[in-house]
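Single-structure report; data block below.
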Amino acid sequence: MAQHIVKAFDEQLNSLDAKIAEMGGLAESMLADACDALSKRDAELAAEVVTGDRKLDQLEEEVNDIAMRLLALRQPTAGDLRAVLAALKISSDLERAGDLAKNVAKRAITIAKAPPVTPLIGIVNMGALVQGRIKTAIDAFVARDAKLAMDVWSSDEEVDQLHTSLFRELLTYMMEDPRNITPCAHLLFVAKNIERIGDHITNVAERIVFLVRGKLPERERHKEDDSSYTEVRPFKKEN
Amino acid sequence: MAQHIVKAFDEQLNSLDAKIAEMGGLAESMLADACDALSKRDAELAAEVVTGDRKLDQLEEEVNDIAMRLLALRQPTAGDLRAVLAALKISSDLERAGDLAKNVAKRAITIAKAPPVTPLIGIVNMGALVQGRIKTAIDAFVARDAKLAMDVWSSDEEVDQLHTSLFRELLTYMMEDPRNITPCAHLLFVAKNIERIGDHITNVAERIVFLVRGKLPERERHKEDDSSYTEVRPFKKEN
Amino acid sequence: MRNMSVVDRTRTGVSATSPEPDSGATAAPPKPNAFECKRVEVYYGQKRGLNGVSLDIGKGEVTALIGPSGCGKSTFIRCLNRMNDPIPGCRVVGSILLDGMDVNAPDVDPVELRARVGMVFQKPNPFPKSVWENVAYGPRIHGLANSKAELDEVVERSLRRAALFDEVKDRLHEPGTSLSGGQQQRLCIARALAVDPEVILMDEPCSALDPIATAKIEELIDELSGNYTIVIVTHSMQQAARVSDMTAFFHLGDLVETGPTDTIFTTPRDERTEGYITGRFG
Amino acid sequence: MRNMSVVDRTRTGVSATSPEPDSGATAAPPKPNAFECKRVEVYYGQKRGLNGVSLDIGKGEVTALIGPSGCGKSTFIRCLNRMNDPIPGCRVVGSILLDGMDVNAPDVDPVELRARVGMVFQKPNPFPKSVWENVAYGPRIHGLANSKAELDEVVERSLRRAALFDEVKDRLHEPGTSLSGGQQQRLCIARALAVDPEVILMDEPCSALDPIATAKIEELIDELSGNYTIVIVTHSMQQAARVSDMTAFFHLGDLVETGPTDTIFTTPRDERTEGYITGRFG
């Protein structure tokens with residue numbers, strides 16, 4: 001698309017894009033650091049993630065603010081309007097993704113205090129997967145690439161499957177040894193949080209598709225993981 | 001505020017308000033039904049909540065759609081613009097609240113299959129508390145009552161405290177008997193979901209304050225519950 | 001459009017060449033058209049001002065014609081009631097049907113046509129007579145009223161429809177030109193309404209008015225739609241967005257794109273339309 | 001305002017009565033004012049058209065004056081370079097300082113004042129002369145250039161500043177009136193710029209232009225701001241929103257509210273301002 005006759009309008013729209021890209025980068029590195037802190041039992045790194053979330057909150061407010069001014073002062077229509085609305089929605093998903101990464105970090109601090117009983121490799125893999133989806137989603141946003149966004153949108157199932165198997169695994173650990181219960185309970189939430197960051201990235205991908213094409217992706221997305229329906233029974237039945 | 005000279009503008013803004021009120025009512029009754037299904041072990045009622053969530057998703061899309069058209073066709077400013085932006089944000093919080101209530105219902109189905117081992121009164125109380133906050137928030141929205149919204153905004157701490165004590169309690173049950181682990185793990189998420197619905201309502205309250213006053217509430221909100229930092233040790237230590 | 005909820009405003013997109021039927025079982029019955037225009041070309045001497053425009057105008061709808069200066073939108077609207085006739089060397093080719101009647105047929109009386117298809121201009125142009133006379137003139141010459149009492153009735157009804165009666169009921173015998181600009185424009189609308197038209201054409205009706213007077217005209221357009229077909233040419237894209245059901249975008253004598261106004265302003269198909277409405281044209 | 005990021009546009013709100021200092025340690029130094037107006041009243045005979053308006057106009061900023069017809073915005077802008085002087089019976093009371101100089105002082109030459117405070121009108125009004133002559137006229141009568149070569153330089157520089165040179169460089173000796181409406185308006189701006197003004201007043205400069213020509217003028221206003229103080233009267237609230245740093249809302253001869261444009265259009269303080277910009281006034 002060509003430039004606006006009024007150059008300031010382009011600058012303001014670009015500033016929205018830049019904030020979104022910054023938020024995406026921040027959410028991505030928060031998740032990476034939180035998973036790192038978890039696997040390395042590094043409470044200090046985890047604490048950094050917790051405080052780092054403030055920056056993301058602040059960026060979201062800035063996006064809200066720029067978007068409101070753009071709407072009030074520039075009366076955007078068509079693709080410009082969709083860009084402003086996409087920024088509003090995406091920033092709120094990224095802010096929540098950051099919130100969830102922060103919560104992972106908080107729990108990493110608690111888990112680091114318990115004896116290291118459970119293998120974390122599944123969670124770390126899931127984290128890496130979601131981290132990659134954040135990156136690709138932001139690339140798709142910056143490039144206005146609906147096809148790439150559709151790839152991100154379709155790639156949520158792998159995360160959901162990982163999560164459901166992790167849920168099962170963690171419950172098994174809890175049944176093996178009551179001392180695992182506190183750390184594994186927190187790990188249940190860690191896994192759920194990462195899965196939900198994945199959901200937010202799916203939303204982001206959806207908004208990018210709407211931004212570029214003017215309509216949402218069509219086929220019904222297989223959205224929810226199955227962990228809510230998962231039952232695990234203790235090995236040694238007492239009855 | 002007086003009517004617009006162009007009456008259709010008022011009708012369109014009112015239709016946004018009506019959708020938001022409808023969404024609020026739906027989210028409220030979904031939470032109530034989910035908690036009811038949980039305490040009565042009523043899988044059928046729970047299944048109704050799960051399917052009912054689609055209506056909320058659809059309403060959110062309608063709000064997005066009306067908001068986009070209003071922005072494109074009416075170029076709202078000042079309070080009108082803030083109302084459109086508030087509707088966009090609030091609808092997304094209510095949609096997520098509904099999602100979380102749906103997840104409570106899903107888990108209620110799973111929990112109903114396990115033997116009834118844990119007292120659910122704490123969770124049901126927490127649900128009722130949050131349900132009341134949804135209702136008050138929507139009342140505040142419809143009446144454009146920033147003071148009432150501030151009441152809602154400030155009343156999140158009670159929910160957080162209830163949640164932290166529930167977390168501790170549920171971990172204790174899990175340690176008492178491994179057969180409790182599956183249902184209690186789901187109850188951990190049920191409690192967390194309700195707590196998070198509370199967070200979304202806090203966001204809704206915040207947006208109402210911004211809508212009415214043009215600025216966000218000022219003092220730093222005590223936002224997070226402490227459950228992420230909570231440790232519970234087994235009664236009988238093995239070392 | 002005022003009685004339609006925003007959500008329900010997804011009308012059938014009338015394409016520039018041929019109307020596409022709604023897909024699916026919920027398709028509404030096709031709406032009747034006030035005008036059906038096919039391959040309309042306008043020549044000024046050798047110069048072509050309109051390059052074969054095909055556009056249907058739905059009955060009871062508000063259709064906005066937009067586009068940069070010289071795009072042909074005013075030329076097109078003037079074809080609809082043969083306002084181009086008096087221009088020396090001007091020639092209209094193609095077919096323009098009003099309720100099936102060829103408006104350019106030799107047996108059509110342009111004066112009768114202009115009673116059925118009224119027009120309101122950029123600058124309010126009341127006759128230099130009283131408010132009452134301005135409105136009564138048309139019905140009298142068209143023989144629509146036989147007595148002073150009947151004329152009084154037509155005048156009041158027309159002024160009420162134009163949302164002006166309450167403001168001028170005590171000033172009916174003052175000159176029309178003594179009214180404010182916005183009132184004068186509504187007086188011109190009342191004058192058009194007095195001869196019971198089917199269509200009202202408006203060529204930049206608010207460009208001389210302030211925002212309050214403009215909003216009153218826009219509200220009036222909303223109120224008249226449904227009962228009257230309205231075609232409005234406007235330089236203000238925001239006005240097109242606010243008042244119209246359908247928008248047609250003209251560029252260099254071509255009809256580039258037409259469709260439901262909300263579609264044009266949120267997801268236009270043509271890059272030239274998007275360029276124009278977002279302020280990107282060089 | 002073009003070089004400011006949107007976020008950084010939280011300027012000090014200049015209140016209608018007295019400027020309030022920024023609170024806190026990060027307060028910017030007070031911006032210099034081009035104009036300081038105190039209790040300005042304008043009388044036409046016995047009738048008061050402006051009820052004691054106090055308004056400061058920041059140097060290098062774009063200030064938009066908005067309000068319904070008859071609100072006093074045009075009356076006020078015309079005070080700034082004494083364009084009201086020729087109106088019989090018109091009397092201005094109060095103090096209007098331009099860089100500290102009382103513009104109404106007896107020793108101020110209105111012609112000199114109008115070189116420092118240029119004006120652009122609603123209808124582009126080039127002289128019936130060539131493009132070159134239109135721009136060269138002012139510098140010549142004000143003795144700002146001594147030779148044809150110097151005048152050529154001034155003309156080119158002024159046309160470049162008005163973003164017009166590239167479009168007219170091969171037509172410098174064609175009549176100014178042969179240009180398009182938007183080009184004519186930029187020519188009038190170039191003419192104002194040629195005498196090196198500090199302030200440019202614009203009274204509805206785009207109301208006769210289409211959206212593309214309007215956008216070009218708005219982009220030009222953005223480019224000129226910073227180097228020139230610009231005061232613009234506009235009926236289009238959207239235009240005020242787009243082009244200005246500060247907005248002043250007038251109503252019935254009163255200055256109701258003034259402040260940063262983004263504040264006025266998102267969170268105005270006064271209910272009358274909100275009513276006007278949201279289309280609620282009766």
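Residue numbers start from 1 in every chain, and the chains themselves are labelled A, B, ... in the order their sequence lines are given, proteins ahead of strands. It should be emphasised that the depicted structure is a prediction, and the values quoted were computed from it without experimental measurement.
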Got a sec: does the [atom1] of [X] have more than 12 other heavy atoms crowding it under 6.0 Å?
| X | atom1 | answer |
| --- | --- | --- |
| C:Glu271 | CD | no |
| A:Lys55 | NZ | yes |
| C:Lys59 | NZ | yes |

Q) Out of A:Ile5, A:Asp80, A:Leu81, which residue meets the side chain to side chain contact (heavy atoms under 4.5 Å, CB included) rule with C:Thr278? A) A:Asp80
Q: To the nearest 0.5 Å, tell me how far C:Thr267 OG1 sits from A:Arg213 CZ.
A: 14.0 Å
Q. A:Thr77 side chain to C:Ile277 main-chain N or O, any donor-acceptor pair under 3.5 Å?
A. yes
(Q) Check whether A:Gln3 reaches the backbone of C:Arg280 with its side chain - one donor and one acceptor, N or O, closer than 3.5 Å. (A) no
